[in-house]
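To start, the structure under review is shown below, and the notes come after it.
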Amino acid sequence: MSEKWLPCRQEWLRLYRRVRSLTRRDDAEDHLQSAFVNYLERPDGSIGHPEAYITRSAVNLSHNARRREQVGCIAPGGWDDMLGEVRDTAPTQEEAYQARERLIRFHAGCQHYEEGYYTAWRNIANEPIDFVFHYGDYIYEGPDSKGRVHDMNDRPFQALRRHVGPECYSLDEYRRRYAQYKTDPDLQAAHAAVPWIVTSDDHEVDNNWAGDTDQDGTPPEIFRLRRQAAMQAYYEHMPLRLSALPDGSHMQLYRSLRYGTLMNAFVPDTRQYRSDQVYGDGMAAQGADVWSPNRTMMGAAQEQWLFDGLGRSDTRWNLLAHQVMMMNLAHRRAPQGELLYSMDQWSGYMDSRRRLLGFIGAHCHGNVVNVTGDAHRHFAGDLLTDPGQKKPVSVEFLATSVTSGADGVGDDDSFSRSVRRENPHLKATTDQRGYVLCDVGPDVWRADLKVLDKVMERDGRLSTYASFAVERGQPGLQQA
């Protein structure tokens with residue numbers, strides 16, 4: 001299987017003829033100047049994954065012995081609807097963003113199709129930004145809700161839009177779910193407007209899965225079959241490197257990207273290699289198992305890869321873009337109740353967390369920023385290696401969901417009050433939908449927590465809930 005870099009219009013035209021033979025569309029040529037498609041060329045000359053209708057791109061390209069990462073993809077819906085773009089994220093040292101000393105980027109995720117409109121993606125599509133980091137839960141694997149009413153945020157909820165089909169288990173079912181999500185015009189617009197860096201979390205496979213274990217007690221050898229189907233569909237539909245081509249139920253997702261001398265971005269994978277959650281995978285007190293060195297969040301090989309990359313990094317900033325919260329966030333269900341922590345987040349893997357934050361504190365000199373998601377709320381706070389420590393070693397911006405959780409309840413619910421009271425390192429939280437906008441300069445990293453007043457109706461109003469800045473070399477959030 002060979003890799004091709006297509007740098008000139010003649011090559012685009014040659015590819016167009018082959019794409020048209022697959023898609024049976026006659027209107028592709030008019031758009032080739034602004035569109036791109038990457039492909040895998042098999043030894044027999046055919047294009048890989050025609051069943052995905054060219055909605056994905058394989059992107060570990062080589063050109064002049066330089067590694068390039070393509071982080072955009074052509075959006076589905078036809079050549080005449082949405083067109084994507086490609087950007088080189090690995091300039092040579094002499095090219096190192098000489099004309100620019102800042103990056104503007106978003107991170108977002110958790111976009112349950114049934115629970116709201118994708119107004120956030122429409123707003124992102126209209127912003128002049130450099131890239132989007134999607135932290136996961138691009139799809140939700142659950143079945144059609146059949147219009148049933150259930151409880152959400154302590155009030156009745158009925159699905160705004162409905163999934164097609166049952167819960168996803170087979171490759172066809174996962175493909176159909178991606179196809180349904182990608183029919184949304186606002187999501188298409190965001191894919192077409194800006195490059196994406198993506199990683200998967202749990203709902204691309206199954207809620208809160210961990211390594212070879214799912215939440216239902218399925219035998220590992222059976223769950224791996226489901227994971228294999230899910231990862232194949234994810235690879236077909238998302239902009240990923242060739243190195244991410246699934247090998248059975250395994251997919252190489254952790255990777256790094258360089259942006260000149262300004263930033264190295266590391267994308268860890270906190271699902272495939274982690275130990276199973278303890279204490280029923282819920283909210284629980286941090287017993288001995290949480291601190292056990294025999295349990296891991298990233299696995300030994302990935303952890304060493306990350307430490308090596310951070311240790312060698314010579315950029316102004318280092319970004320850790322991953323899936324679940326790093327803050328050790330406690331709350332109480334009742335005023336005198338015990339302190340509870342999420343067993344699915346890093347707070348359920350405290351030995352792994354201590355090693356990572358300890359390494360950052362010892363080697364990275366106040367230039368590491370974490371962006372995460374999954375919790376369906378905005379959170380911004382300082383990261384402390386151990387409970388009770390006063391001096392932070394890093395900071396975290398956790399982006400709320402695009403739609404998951406529907407309109408939300410704001411910042412005066414019982415959970416918000418509890419976490420603000422129990423966690424002095426937490427600087428802001430709200431249960432509204434939206435995303436985080438980051439403006440990264442050589443010495444200051446600014447983040448705006450954007451929120452929508454509603455997603456259960458179209459055209460919700462966008463506003464900034466809070467803004468923070470962190471100064472390079474001085475870890476700790478300051479109100480901006």
Side-chain angles (χ1 to χ4, degrees), residues 55-57 59 69-76 82 84-87 89 103-113 115-116 118-125 127 129-141 174 177-178 180-182 184 186-205 230-231 233-241 244 251 253-257 265-271 319-325 369-376 378 397-405 433-438 447 449-450 455:
T55 61
R56 65 154 315 282
S57 57
V59 292
E69 167 98 355
Q70 184 163 303
V71 292
C73 69
I74 187 168
M82 298 294 175
E85 61 177 292
V86 58
R87 298 182 192 176
T89 67
L103 282 169
I104 301 177
R105 50 166 298 280
F106 286 99
H107 74 281
C110 287
Q111 52 195 51
H112 199 303
Y113 187 80
E115 295 180 6
Y118 291 161
T119 311
W121 289 124
R122 177 60 62 177
N123 280 278
I124 289 171
E127 294 277 4
I129 61 176
D130 293 288
F131 68 88
V132 164
F133 169 60
H134 193 290
Y135 60 70
D137 294 348
Y138 189 96
I139 64 165
Y140 278 69
E141 80 287 8
Y174 281 108
R177 189 59 52 85
Y178 281 99
Q180 181 180 14
Y181 276 53
K182 284 175 176 282
D184 185 276
D186 294 332
L187 182 58
Q188 290 179 14
H191 273 295
V194 62
W196 286 42
I197 298 171
V198 301
T199 192
S200 69
D201 190 25
D202 54 340
H203 288 288
E204 286 88 354
V205 183
M231 290 183 173
Y234 184 74
Y235 180 78
E236 290 174 1
H237 289 84
M238 304 301 285
L240 289 163
R241 294 175 175 178
M251 188 176 190
L253 276 175
Y254 66 83
R255 62 203 188 278
S256 62
L257 305 89
F266 299 90
V267 186
D269 176 356
T270 62
R271 284 291 165 194
L319 167 67
L320 297 189
H322 45 129
Q323 296 94 340
V324 298
M325 181 185 289
V369 173
N370 289 262
V371 298
T372 57
D374 184 58
H376 303 176
H378 276 314
F397 300 106
L398 188 152
T400 186
S401 58
V402 170
T403 58
S404 302
R433 312 287 71 83
Y435 51 86
V436 173
L437 166 64
C438 293
L449 279 55
K450 299 288 189 177
V455 294

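As the structure is a computational prediction, the values presented were derived from the model and not from experiment.
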Less than 4.5 Å apart, any side-chain heavy atom of V371 and any of V436?
no

Over all heavy atoms of both residues, which pair between A244 and M251 is shortest? Give the atoms and the distance, please.
O-CG, 3.2 Å

I need the H322 NE2 to D374 CG distance, nearest 0.5 Å.
12.0 Å

N/O donor-acceptor pair under 3.5 Å between Y135 side chain and V324 backbone
no

Let me confirm one number: the OG-CD distance from S401 to E115, rounded to the nearest 0.5 Å.
8.0 Å

Can you find a pair of side-chain heavy atoms, one from Y435 and one from V132, that are under 4.5 Å apart?
no

Would you check, one step at a time, whether the test side-chain hydrogen bond (donor to acceptor under 3.5 Å, both in side chains) holds for T199 with Q323?
CA-CA 8 Å; T199 192; Q323 296 94 340; 3.2 Å; yes

Heavy-atom pair with the smallest gap, counting every atom of K182 and H191:
NZ-NE2, 3.8 Å

Quick one: CE on M238 to CD on E204, what's the gap to the nearest 0.5 Å?
7.5 Å

Between C438 and A447, which heavy-atom pair has the shortest distance, and what is it?
SG-CB, 4.0 Å

Does D202 reach the side chain of R271, with side-chain heavy atoms less than 4.5 Å apart?
yes

Taking the side chain as C-beta and beyond, is there a heavy-atom pair between R241 and R255 under 4.5 Å?
yes

Drop me the distance from I104's CD1 to L437's CG, to the nearest 0.5 angstrom.
7.0 Å

Measuring only between side-chain heavy atoms, which start at C-beta, is H107 closer than 4.5 Å to R105?
yes

Rounded to the nearest 0.5 Å, what's the gap from CZ on F266 to CG on L320? Could you check?
7.5 Å

When rounded to the nearest 0.5 angstrom, what is the spacing between OG1 in T270 and CG in D201?
6.0 Å

Side chain proximity check, Y234 to L253, heavy atoms < 4.5 angstrom
yes

Write down the atom of C110, the atom of S404, and the distance for their closest heavy-atom approach.
O-OG, 3.0 Å

Per the ring-ring contact (aromatic ring centres under 6.0 Å, His included) rule, which among Y140, Y181, Y178 passes with Y113?
Y181

With sequence neighbours excluded, tell me which residues meet side chain to side chain contact (heavy atoms under 4.5 Å, CB included) with T403.
Q111, H112, Y118

Would you say the side-chain atoms of K450 pair up with the backbone N or O of R433, donor to acceptor, closer than 3.5 Å?
no

Where is the tightest heavy-atom contact between D184 and L187, given as atom of each residue plus distance?
OD1-N, 3.0 Å

Give the minimum heavy-atom separation between Y254 and P268, together with the two atoms involved.
CB-CA, 4.0 Å

Worked verdict on L319 versus N370 for side-chain contact (heavy atoms from CB on, under 4.5 Å)
CA-CA 6 Å; L319 167 67; N370 289 262; over 6 Å; no

Could you tell me which residues satisfy side chain to side chain contact (heavy atoms under 4.5 Å, CB included) with A230, sequence neighbours excluded, listed by chain and number?
Y174, V205

Return the set of residues passing ring pair (Phe, Tyr, Trp, His ring centres under 6.0 Å) with H134 (not counting sequence neighbours), or none when no residue passes.
W121, Y138, W196

